[in-house]
Chemist: 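Got a structure here, written out as structure tokens. Questions coming.
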Amino acid sequence: MVAEAVETMDGWYCLHDLRQIDWTSWKLAPVEEREAALAEFQALLAKWDEVEQSRNGSHAVYSILGHKADFIMMILRPTMKELEEVELAFSKSKLAEFTTPAYSYVSVVELSKYMTKEGEDPEQNPEVQARLKPRLPKWEHICFYPMDKRRSGNDNWYSLPMEDRKKLMYEHGMTGRKYAGRIRQIITGSMGFDDWEWSVTLFAHDSLDIKKLVYEMRFDEVSARYGEFGAFYVGNLLDRDAIPAYLHV
Ligand code: VOV
């Protein structure tokens, strides 16, 4: 039996761009060069802020703890072309000379129609549109990880009937709803775009809420039985004003 694919609604394209800072060469650089790199990066961020204010995209910059990366730039844009322009602008900047890529992820903001009721067209719903083209919250913490739905033996998500998947996604949503106001989740789809099937980005005021939510969800059947996870990246908000201190050596 072949199971029916769920329809997805797709919004802004998304790049998670994670960089490692080469602190040794940054420290060795003359102070004028460091100042120029910082000023240029601040100007780039000011440009991104304008795009965000005119509702043509959004972005979030966070520091990352641990060895996997030093900071993440999460960028949303209406087209892949515009996403590429942002990536290129950073890659060509002075600051980029002092960084190396740590990880990157290409995807598109996705909502599925599992929860759609008969006769409803969720794409006409302004709330749905706002979720497909979101302003990324500038909350204190971020957590980003890629994931798959398992496809092995009796645990094959892609051969489960639609009704079963609906039920499991409903239960998943109920667990998530307990964290309303404490966690904002952005799910992006990446089939055909990157190495995993989805990316999960969580924003939180309290870092412990991230751990609690991910832990609780492990017990939902959809995660317990069908979830496979990549590396986790967790960090703290790095707003424009905090960047000079972050880069100060
Ligand atoms: C605040 C937390 C929260 C909430 C409220 C929430 C709700 C919902 C709903 C209602 C729906 C279904 C409709 C849609 O919107 O697509 C989803 C969908 C999805 N989710 Fe979710 N999720 C959360 C949070 C949340 C987390 C933490 C994870 C990672 C799982 C884990 O174990 O680490 C996750 C994953 C996903 C995925 C991969 C999908 C798409 C699956 C597919 O097969 O298409 N999600 N999610």
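First listed ligand is number 1; within each ligand, the first listed atom is number 1.
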Chemist: Tell me which part of Arg218 gets within contact of ligand 1: side chain, backbone, both or neither, using heavy atoms under 4.0 Å.
Modeler: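 It is neither; nothing of Arg218 touches ligand 1.
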
Chemist: Return the residue, atom name and 0.1 Å-rounded distance of the protein heavy atom closest to atom 15 (O) of ligand 1.
Modeler: Leu111 CD2, 3.4 Å

Chemist: Got the closest protein heavy atom to atom 13 (C) of ligand 1, with its distance?
Modeler: Ser112 OG, 3.3 Å

Chemist: Evaluate Glu171 against Lys167 for salt bridge (Lys or Arg N to Asp or Glu O under 4.0 Å), listing each step before the verdict.
Modeler: CA-CA 6 Å; Glu171 288 168 7; Lys167 181 177 160 281; 3.3 Å; yes

Chemist: Tell me which protein heavy atom sits closest to atom 42 (C) of ligand 1, plus the residue, atom name and distance to 0.1 Å.
Modeler: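 The closest heavy atom on the protein side is Trp198 CZ2, 3.4 Å.
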
Chemist: For Met169 and Lys149, work out which heavy atoms get closest and say how close.
Modeler: SD-NZ, 3.8 Å

Chemist: How many angstroms lie between atom CG of Asp209 and atom CH2 of Trp139, to the nearest 0.5 angstrom?
Modeler: 9.5 Å

Chemist: Please determine whether residues Val108 and Ile75 belong to a single hydrophobic cluster, defined as Ile, Leu, Val, Met, Phe, Trp and Tyr linked transitively by side-chain heavy-atom distances below 4.5 Å.
Modeler: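 Yes.
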
Chemist: List the closest protein heavy-atom neighbour of atom 24 (C) of ligand 1: residue, atom name, distance to the nearest 0.1 Å.
Modeler: Met217 CE, 3.5 Å

Chemist: What verdict does the side-chain contact (heavy atoms from CB on, under 4.5 Å) test give for Phe98 and Trp23, after you've listed the backbone C-alpha separation in whole Å, the side-chain angles of each residue and the deciding distance to 0.1 Å?
Modeler: CA-CA 8 Å; Phe98 298 96; Trp23 289 110; over 6 Å; no

Chemist: What pairs of residues pass the side chain to side chain donor-acceptor pair (under 3.5 Å) test when at least one of them lies in residues 227-238, not counting sequence neighbours?
Modeler: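 Non-adjacent pairs meeting side chain to side chain donor-acceptor pair (under 3.5 Å): His141-Asn236, Arg150-Glu228.
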
Chemist: If you count the atoms of ligand 1 from 1 in the order shown, which ones are under 4.0 Å from a heavy atom of Arg177?
Modeler: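 Reading through ligand 1 atom by atom, the close ones are 5 (C).
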
Chemist: Please name the residue in the list Phe144, Tyr145, Phe193 that meets the ring pair (Phe, Tyr, Trp, His ring centres under 6.0 Å) test with His16.
Modeler: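 Among Phe144, Tyr145, Phe193, the one meeting ring pair (Phe, Tyr, Trp, His ring centres under 6.0 Å) with His16 is Phe144.
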
Chemist: Considering Arg184, Lys149, Glu171, Lys166 one by one, which has a heavy atom nearer to atom 43 (O) of ligand 1 than any of the others?
Modeler: Lys149

Chemist: Which is closest to atom 31 (C) of ligand 1 by heavy-atom distance: Phe229, Tyr226, Tyr170?
Modeler: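 Heavy atom nearest to atom 31 (C) of ligand 1 belongs to Phe229.
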
Chemist: Backbone or side chain, does any N or O of Tyr145 fall under 3.5 Å from an N or O of ligand 1?
Modeler: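 Yes: some nitrogen or oxygen of Tyr145 is under 3.5 Å from one in ligand 1.
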
Chemist: Above 12 or not: heavy atoms from other molecules or residues under 6.0 Å from CD of Glu216?
Modeler: yes

Chemist: Identify the two heavy atoms, one from Ala224 and one from Arg218, that lie closest to each other, and give their separation to 0.1 Å.
Modeler: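 Answer, listing the atom of Ala224 first, then Arg218: CB-O, 3.1 Å.
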
Chemist: When you measure from atom 32 (O) of ligand 1 to every protein heavy atom, which one gives the shortest distance, and what is it?
Modeler: Ser223 OG, 2.5 Å

Chemist: So with a 6.0 Å cut-off around OH of Tyr170, is the heavy-atom count from everything else above 12?
Modeler: no

Chemist: What are the two closest non-hydrogen atoms of Lys166 and Met115, and how far apart are they?
Modeler: O-CE, 3.9 Å

Chemist: Please name the pair of heavy atoms, one in Pro134 and one in Arg184, separated by the smallest distance, quoted to 0.1 Å.
Modeler: CB-NH2, 4.1 Å

Chemist: Using a 4.0 Å heavy-atom cut-off, say whether Met147 meets ligand 1 through its side chain, its backbone, both or neither.
Modeler: side chain

Chemist: Taking only heavy atoms of Tyr114, which atoms of ligand 1 are found under 4.0 Å from at least one of them?
Modeler: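 Every atom of ligand 1 under 4.0 Å from some heavy atom of Tyr114: 42 (C), 43 (O), 44 (O).
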
Chemist: Can you count the protein N, O or S atoms that lie less than 2.8 Å from atom 21 (Fe) of ligand 1?
Modeler: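 Count of protein N, O, S atoms less than 2.8 Å from atom 21 (Fe) of ligand 1: 1.
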
